[in-house]
Every structure is written in C-alpha cells, then in structure tokens.
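What follows is a set of notes on a single structure, which appears directly below.
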Amino acid sequence: MKTRVTELLGIKYPVIQGGMAWVATHELASAVSEAGGLGIIGAGGAPASWVREQVQAAKAETDKPFGVNLMLMNPEADDIAQILIDEGVRVVTTGAGNPAKYMKAWKEAGIHVMPVVGSVALAKLMERGGADAVIAEGMESGGHIGVETTMTLVPQVVDAVEIPVIAAGGIADGRGFAASIMLGAEAVQMGTRFVVATESTVHENYKEKIIKAKDIDSEVTGSTHGHPIRVLRNKMTREYIKKEKEGATFEELEVMTLGALRNAVVDGDVVNGSVMAGQSAAMVKRQESCADIIADVMDGAKKLIPAYFED
Ligand code: TUI
C-alpha cells in the first residue's frame, strides 16, 4: 500500500517504531528498517556522543531509511540537533516538548521532521513551522504522555492539519492499525510491542514484565507535578504514588525516578526501576522478530480493511 507517509519516508510499510529512551538502540532501529518499517533511535537523555555512535552503527547495519527521536528535555538537545544534520539523518521525530527552534535548520538540511504532539494546538503550530507529518500520541502510550486518548486525539488532529497524521498510543496489532486508518491516520507508531522484539537489547526481565502484564497493570505517575509518565506497576510506583498522595515535592519524587528507567531497561531491575510501557502491554504476548511483528500487524489489518491494500 502506498500512502503519503511511505512515499515521504521511502519505506514499505506505514509502521514506525517509537524512539524509546534506552530501548530504541541501533539494533532495534535497523531491524525495524530492514523489515520495511521505519526504525527510530531514541536519544532519550543520552549524551550527544552516544547518539552519534548509534547513528553510525545503524548506518553500517542498514541501507534503508531510519530516524532519530530527540527527547527535547535532553540537556544536550542543541548538540544532538546539530549531530543529526552532520550525520545526514533523514528523519527526525521529537518528544516531550516543542522543537520549533530546530525546525529551520533541519528543514534546510532536507530532514523529514515529524514531531510527537498530544494536542491539536501543537499539531497546528508544528504544521505552520514546517513539519512534514505529526505523530498524534494518546495517553495509552508508555512513558511521558499527554491527557487525550488516541481515539479522540487522532481524528481531531486529522481535521486540523493538512500534513499526514501518524497515530500512536495503544496500537499493537492489525486491529489498532485498521482503527487508526479509520480515524484518518496515514501510518502508525508502535512502541511497546517492539520493546519485546527479539532484536531488542532490553533486559529479559523487562520483556517478561510486559509479556505478563494484564489490562490494569499500568499506572500513571507524576501527574500532580505536570510530568505524567505511564509505567507498569511495581514497588517503585507504589511508593511513588503513596508519596505523591502525601504531597511530596517534585524534587523528592524526582530522586526516586532518576536513572530508574536505565536500571530497568539495562540492569533488569523491574522491582525498583521504571518499567515504562503502554496500555497495550497486555496485548503483547511473546517475543518475535521485527519482521514477524510488522507482518502480523499488516496481515491482521488486511483482513479488516482489504480495500486499503488494493493498490
Ligand atoms: O516523549 C515521549 N515519551 C517519553 S520521553 C521519555 S524520557 C523521560 N524520562 C524521564 C522523564 C521524562 C521523560 C519517556 N517517554 N512521548 C512523546 C510525547 N511528547 N508525549 C507527550 C509529548 C509532549 C508533551 C508536551 C509534546 C509537547 C509538549 O509540550 C509542547 C510545548 O508547548 O512545550
């Protein structure tokens, strides 16, 4: 199927892998790109030098297009923004902020820019600023989230902008893909299902925690201080939410979460660490290759919306 997104990005399937901090390394990104989707390296909170190495590694692994997600709260965001230009990265997604100050330089470098938005207002602003597409992400997602749901956000963003809209949040199979197309999206972004891909370097404990998760096993921490983060429930979230209810300050709570994502992803501490995952964790049943994940999503959607695949 040809869509504006597959044409723009030069990819086979309109499936984008979320640029998850610590999780979306070059191994995962190049595997997704090799499988015909768009792999994304997640800069997260990493140093600029790490991002450069990751981009170089991905280039060595695949000739296919891949992208980088710049998490805008990264203290080295300015340096990373420039490295993406220097390294000739073709696609950039952004998260956790407004990328307006980088847009002009990225566009001049011929980069396709696709900011993640959680509201109609930011989507419009991004379109005016020259974005090539927007990723409308609902609060079903893992990690740092907005407040709107995918079901309501996507059609509103579709109505508000002319550029293609990519749906994200709660999508993990062909049903979610088909539903996204019904809502007017032209591609999907999936994170949680790719966390457990065989090519993902995430610790086995983290993958197992996602595979075992049930529908009600995620929790949103940090809402009281304006930084809502969806994670799977564990000892850390129970303590965090207790402290949050007791009125702890942002700084007190921050101490509990600093480095917690790394501890879970890299060291496998899924008891005290931060196991970020979306509500779709309960729909993720097993480890599979990125190619099998994309094939399953496409096959599932084809049964539901065959006309979409007729060209
Ligand atoms: O960025 C994400 N998800 C993330 S980033 C992340 S790393 C992290 N670790 C610890 C603490 C905080 C972050 C984990 N998960 N998703 C994309 C996304 N962007 N969701 C919501 C937004 C967003 C939020 C506010 C985009 C823009 C925005 O404000 C724009 C403005 O006007 O400032």
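Note: hydrogens, waters and symmetry copies are ignored here, and every other heavy atom, side chains too, is used. Since the structure is predicted, the reported quantities are computational estimates derived from the model, not experimental observations. Remember, it's 1-based here, ligands and their atoms both numbered in the order they're listed.
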Which residue and atom name correspond to the protein heavy atom nearest [atom], and how close is it?
| atom | value |
| --- | --- |
| atom 22 (C) of ligand 1 | A96 N, 3.7 Å |
| atom 29 (O) of ligand 1 | G97 CA, 3.9 Å |
| atom 9 (N) of ligand 1 | M276 CE, 3.9 Å |
| atom 5 (S) of ligand 1 | M71 CG, 3.6 Å |
| atom 31 (C) of ligand 1 | N98 CB, 3.9 Å |

- Task: May I ask you to decide if the ring planes of H144 and H227 are parallel, tilted or perpendicular, using 30° and 60° as cut-offs?
- Result: tilted
- What's the shortest heavy-atom distance between M298 and F309, and which atoms?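 That closest heavy-atom pairing would be O-CZ, 3.7 Å.
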- Query: Should the pair R193-D173 be classified as a salt bridge under the 4.0 Å nitrogen-to-oxygen rule?
  - Reply: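 So R193 does not pair with D173 through a salt bridge.
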- Any ion pair linking K212 and D217 (charged N to carboxylate O, less than 4.0 Å)?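 Answer for the salt bridge query: no.
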Atoms in ligand 1 flagged as close to [X], the criterion being non-hydrogen separation under 4.0 Å:
| X | result |
| --- | --- |
| I229 | 11 (C), 12 (C) |
| G95 | 1 (O), 17 (C), 19 (N) |
| V116 | 17 (C), 18 (C), 19 (N), 26 (C) |

- Task: Classify the contact between M20 and ligand 1 as side chain, backbone, both or neither, using a heavy-atom distance cut-off of under 4.0 Å.
- Result: neither
- ligand 1 contact on L122 by region, counting heavy-atom pairs under 4.0 Å: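 Under 4.0 Å from ligand 1, L122 contributes side-chain atoms alone.
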- Message: Could you check whether atom CZ of R175 has more than 12 heavy atoms from other residues, nucleotides or ligands sitting under 6.0 Å from it?
- Response: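 Open.
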- Hydrophobic cluster partners of M139 (side-chain heavy atoms under 4.5 Å):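 The other cluster members (ILVMFWY side chains, heavy atoms under 4.5 Å, direct or chained) are I145, V220.
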- Task: Indicate yes or no for a side-chain donor-acceptor contact from E244 to the backbone of T224 under 3.5 Å, with no hydrogens or angles considered.
- Result: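 Present.
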- Task: Please confirm whether E137 comes within less than 3.5 Å of ligand 1 when only nitrogen or oxygen atoms on both sides are compared.
- Result: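 Yes - when backbone and side-chain N and O of E137 are compared with those of ligand 1, one distance drops under 3.5 Å.
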- Note on the structure: Note: heavy atom closest to atom 6 (C) of ligand 1, options M139, M73, E254, H144, belongs to H144
- salt bridge (charged side-chain N to carboxylate O under 4.0 Å, His left out) with E219: of R233, K242, R238, K235, only one passes, and it is R233
